[in-house]
Amino acid sequence: MTPLPLGFYQGDVEDVARALIGVTLTVEGIGGVIVETEAYDAADPASHSFAGRTARNAAMFGPVGHAYVYRIYGLHHCLNVVCGTSGSAVLIRALEPLHGLDVMQERRGSGLPIRQFCSGPGKLCSALGIDLSLNGASLLESPFALTGTPGAAPVVVGPRIGITRAAERPRRFGWKNSPWLSRPMGD
DNA sequence: GCTTTGATTTGCT
DNA sequence: GCAAATCAAAGCT
């Protein structure tokens, strides 16, 4: 389990998004295998970085390999991985819970099936304890850990979910036939 | 300074 | 399956 090298994040955001499928992400030892991501860059109207750098999305233009955490709809959090091209990032949408299941259960509420722990960006952050205090933190350092073999998992590509602009662009990546996706893929 | 948006979740009909 | 909830921040698109 060696951490992914910094150079991994410097590639094209779409390549990174695809390669992240199958990589293990943990926060303070809690987490699992990434099964769903989305790619965003500054040329994407749906991206926070589209309108240029602002105080809110500064982390998105910050150092490669760092986290961009933001609050969505006032109540939920989303975790992004800042990539090589300035203003580009990969949204982590879902993962397969493997580590710290008991802690996630406690955070998400008892009675929930495991597949409800991380099948969505907001749930994922809740289960992993991610909040704004981690905005701008390096993914190569504690409490984050990204390990595994990039690009090893079978990946399918599909349209993105839950956004209003450029939603048809095939920039959503998911683990083929994984039961942990927030929604099944097109095929 | 105020309006509008926002990549979601949850519950209700 | 559909609509409402809910908060803060960015931008005036």
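Chain letters run A, B, ... following the sequence lines, proteins first and then strands; every chain starts at 1.
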| Residue whose nearest DNA chain C nucleotide is more 5′ - A:Ile72 or A:Arg53 |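 So the residue in question is A:Ile72.
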| query | Are A:His48 and A:Tyr70 an aromatic pair by the rule of ring centers under 6.0 Å? | reply | yes
| Would A:Glu96 and A:Ser178 count as having a side-chain donor-acceptor pair, cut-off 3.5 Å? | no
| task | Could you measure between the two C1' atoms, the one in C:dA9 and the one in B:dT10, and give it in whole Å? | result | 24 Å
| said: Taking the P atom in each of C:dT13 and B:dG6, what is the distance between them to the nearest angstrom? | reply: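 Here C:dT13 and B:dG6 have their P atoms 14 Å from each other.
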Choosing from [options], which nucleotide comes nearest the side chain of [X]?
| X | options | value |
| --- | --- | --- |
| A:Lys123 | C:dG11, B:dT10, B:dA7 | B:dT10 |
| A:Asn80 | C:dA10, C:dT6, B:dA7 | B:dA7 |
| A:His76 | C:dG11, B:dT9, C:dA10 | B:dT9 |
| A:Arg93 | B:dA7, B:dT10, C:dT13 | B:dA7 |
| A:Tyr73 | B:dT10, C:dG11, B:dA7 | B:dA7 |

| task | Determine if A:Tyr40 stacks with B:dA7; use a centre-to-centre distance below 5.5 Å and an interplanar angle below 30° as the criteria. | result |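 So A:Tyr40 counts as stacking on the base.
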| task | Respond yes when some side-chain nitrogen or oxygen of A:Arg71 is under 4.0 Å from OP1 or OP2 of B:dT9, and no when none is. | result | no
